[in-house]
**Student:** 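Please find one structure pasted underneath; my questions will follow.
Residue numbering restarts at 1 for every chain, and letters A, B, ... go by the order of the sequence lines.
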2 protein chains.
Amino acid sequence: MKDIYDMPGHLARRFQQIAVAVFQAEVEQAGYDLTSVQYAALATVSLHKGIDQATLAGLIAHDRTTIGGVVDRLEQKGLILRRTSSRDRRARELDITDTGRMMLEKIEPYVERAQQLMLRGLSPGEAEQMLRLLRKAIAASNDLSRAPLKEAAAS
Amino acid sequence: MKDIYDMPGHLARRFQQIAVAVFQAEVEQAGYDLTSVQYAALATVSLHKGIDQATLAGLIAHDRTTIGGVVDRLEQKGLILRRTSSRDRRARELDITDTGRMMLEKIEPYVERAQQLMLRGLSPGEAEQMLRLLRKAIAASNDLSRAPLKEAAAS
DNA sequence: TACTGATAGTCAGTATGCTTGTCAATTGAG
DNA sequence: CTCAATTGACAAGCATACTGACTATCAGTA
């Protein structure tokens with residue numbers, strides 16, 4: 001019986017668990033209430049005006065259904081606007097509000113700090129190395145995920 | 001604004017997402033229905049006879065409450081037994097059943113394959129390197145997690 | 001133009017993963 | 001020994017993450 005602690009799957013879960021906790025703690029310390037998923041969604045919406053939910057989901061490699069809920073909460077907090085697209089009435093166009101933009105700016109340094117904190121056990125060289133390998137592993141197995149990353153079509 | 005795709009937190013989530021999907025697919029292909037968390041719990045129970053839930057949670061670095069639900073499902077599937085401890089009537093002693101042990105054995109090669117599959121983009125040397133760095137990063141930030149790993153007391 | 005297939009979003013359902021709060025049992029300080 | 005603090009488990013609640021099914025809409029075609 002192989003040891004659980006040596007399995008990549010277990011290490012992946014542990015590292016992600018730490019990443020989420022660190023993110024949450026930093027953002028909370030900044031006096032805000034935003035999860036890492038909500039942050040990723042908000043930041044992506046701010047870079048793509050009028051993006052629809054399905055495209056957003058693809059860009060941050062999330063399930064359509066999950067994003068529905070995330071967008072609900074962001075809308076409820078007044079951080080984004082959601083309206084039916086005029087070109088495609090099935091789709092919802094998303095846009096960041098001024099409140100959302102302001103929050104993104106204020107929160108940014110804390111997000112930065114969280115990213116460094118979760119790598120505090122590694123030297124800069126090691127951190128760089130690990131991120132490179134993670135990116136490589138992810139790219140090679142992107143299609144194995146249930147919600148693979150989908151590059152945005154040239155708009 | 002820093003790119004989301006370069007953030008360790010984002011990479012951590014993506015890799016974990018892939019790991020879970022690969023695990024699920026392999027186990028399903030084996031004709032079983034067991035999540036990665038359930039597997040970790042079951043394997044750990046099989047190695048620690050009569051372990052209580054809190055210790056189990058600590059060993060696989062999970063929240064106590066989460067493990068309660070996981071144990072519920074394992075019990076419902078007939079894979080483990082749960083009974084009140086005679087030494088500490090607050091605690092529940094867990095033990096694997098014959099069905100559970102058999103399932104663990106049958107499932108093992110598929111779990112192995114899943115672990116390799118999620119690293120398919122890396123050379124053996126790179127994989128080794130990434131796992132080493134992950135372990136190092138996790139060890140250094142274990143206490144930042146909400147559910148840190150707790151070594152079992154010498155029993 | 002009517003039909004077909006694909007797509008956007010939602011709903012219902014399952015399983016984590018965490019928080020807070022509660023209860024009962026245990027333990028340790030005095 | 002007694003009382004307070006701690007601990008194991010559970011309940012309720014929120015936020016991911018996914019599956020499968022369903023509706024509305026759209027786009028291409030016969």
**Student:** If the cut-off is 4.0 Å, is H62(A) near the phosphate of dA17(D), judged by side-chain N/O to OP1 or OP2?
**Tutor:**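 Checking H62(A) against dA17(D): at least one side-chain N or O falls below 4.0 Å of OP1 or OP2.
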
**Student:** Return the 5'-most residue of the pair R13(A), Q53(A) with respect to DNA chain C, ranking by each residue's nearest nucleotide.
**Tutor:**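 Nearer the 5' end of the strand: Q53(A).
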
**Student:** For a quick check under 3.5 Å, do D88(B) and S85(B) share a side-chain donor-acceptor pair by atom type?
**Tutor:**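 Absent: no donor and acceptor within the cut-off.
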
**Student:** Between E28(A) (CD) and dA15(D) (P), how many Å, whole number?
**Tutor:**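 Answer to the nearest Å: 13 Å.
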
**Student:** Regarding R82(B) and D72(B), does a basic nitrogen lie under 4.0 Å from an acidic carboxylate oxygen?
**Tutor:**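 Between D72(B) and R82(B) there is a salt bridge, with a charged N closer than 4.0 Å to a carboxylate O.
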
**Student:** dA17(D) C1' sits how many Å from Q24(B) CD, rounded?
**Tutor:**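 Answer to the nearest Å: 11 Å.
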
**Student:** Which of the following nucleotides, dG17(C), dA17(D), dG9(C), is nearest to the side chain of R64(A)?
**Tutor:**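 That would be dG9(C).
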
**Student:** With the threshold set at under 4.0 Å for non-hydrogen atoms, list the residues of residues 79-94 of chain B touching DNA chain D in residue-number order.
**Tutor:**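 Those residues whose heavy atoms fall under 4.0 Å from DNA chain D, taken from residues 79-94 of chain B in numerical order, are R82(B), R90(B), A91(B), R92(B).
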
**Student:** Heavy atoms under 4.0 Å, any strand shown: does T35(B) hit a base, just sugar-phosphate, or nothing?
**Tutor:**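 Counting heavy atoms under 4.0 Å across all strands, the contact made by T35(B) is with sugar-phosphate only.
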
**Student:** Quickly work out the R73(A) CZ to dT10(C) C1' distance and round it to whole Å.
**Tutor:**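 The answer, rounded to whole Å, is 14 Å.
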
**Student:** Ignoring backbone atoms, establish whether Q17(A) has a side-chain N or O less than 4.0 Å from OP1 or OP2 of dC18(C).
**Tutor:**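 Checking Q17(A) against dC18(C): at least one side-chain N or O falls below 4.0 Å of OP1 or OP2.
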
**Student:** Rounded to whole angstroms, how far apart are CG on D63(A) and C1' on dA15(C)?
**Tutor:**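 Distance check: D63(A) CG to dA15(C) C1' gives 14 Å.
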
**Student:** Look at the side chain of T65(A) and the base of dT19(D), then say whether one donor and one acceptor between them are separated by less than 3.5 Å.
**Tutor:**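 Under the 3.5 Å cut-off, the side chain and the base do form a donor-acceptor pair.
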
**Student:** Indicate whether OP1 or OP2 belonging to dA17(D) is found under 4.0 Å from a side-chain N or O atom of Q16(B).
**Tutor:**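 For Q16(B), the contact criterion (side-chain N or O under 4.0 Å from OP1 or OP2 of dA17(D)) is not met.
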
**Student:** Figure out the CD1/C1' separation between I60(B) and dC18(C), and round it to whole Å.
**Tutor:**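 Computing the I60(B):CD1 to dC18(C):C1' distance gives 15 Å.
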
**Student:** I need the CD1-C1' distance between I51(A) and dT7(C), as an integer number of Å.
**Tutor:**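 Those two atoms, CD1 and C1', are 16 Å apart.
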
**Student:** Let me spell it out: for each of S36(A) and A54(B), pick the nucleotide of DNA chain D with the closest heavy atom. Which residue's pick is nearer the 5' end?
**Tutor:**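 Upstream on the strand: A54(B).
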
**Student:** Regarding Q17(A) and R14(A), is there a side-chain donor-to-acceptor distance under 3.5 Å anywhere?
**Tutor:**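 A pair is found: one side chain offers a donor N or O, the other an acceptor, under 3.5 Å apart.
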
**Student:** Whether Q38(B) contacts dT16(C) is assessed here as follows: a side-chain N or O lying under 4.0 Å from the phosphate OP1 or OP2. Is that the case?
**Tutor:**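 Affirmative; the distance criterion is met.
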
**Student:** Roughly how many Å is it from CZ in R14(B) to C1' in dC18(D), rounded to a whole number?
**Tutor:**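 Those two atoms, CZ and C1', are 14 Å apart.
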
**Student:** Is any NZ, NE, NH1 or NH2 atom of the basic residue among R87(A) and E93(A) found under 4.0 Å from an Asp or Glu carboxylate oxygen of the other?
**Tutor:**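 Yes, R87(A) and E93(A) are salt-bridged.
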
**Student:** Just checking D33(B): does its CG atom have more than 12 heavy atoms from other residues, nucleotides or ligands closer to it than 6.0 angstrom?
**Tutor:**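 Check fails, neighbour count at 12 or below.
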
**Student:** Assess the pair Y39(A) and F23(A): is the distance between their ring centroids shorter than 6.0 Å?
**Tutor:**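 For Y39(A) and F23(A), the ring centres are under 6.0 Å apart.
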
**Student:** With clusters defined by side-chain heavy atoms of hydrophobic residues (ILVMFWY) lying less than 4.5 Å apart, directly or transitively, does L81(B) cluster with M103(B)?
**Tutor:**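 No: no chain of side-chain contacts under 4.5 Å links M103(B) to L81(B).
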
**Student:** Please report the distance, rounded to the nearest Å, between CG in D72(B) and C1' in dT14(C).
**Tutor:**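 Result: 14 Å.
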
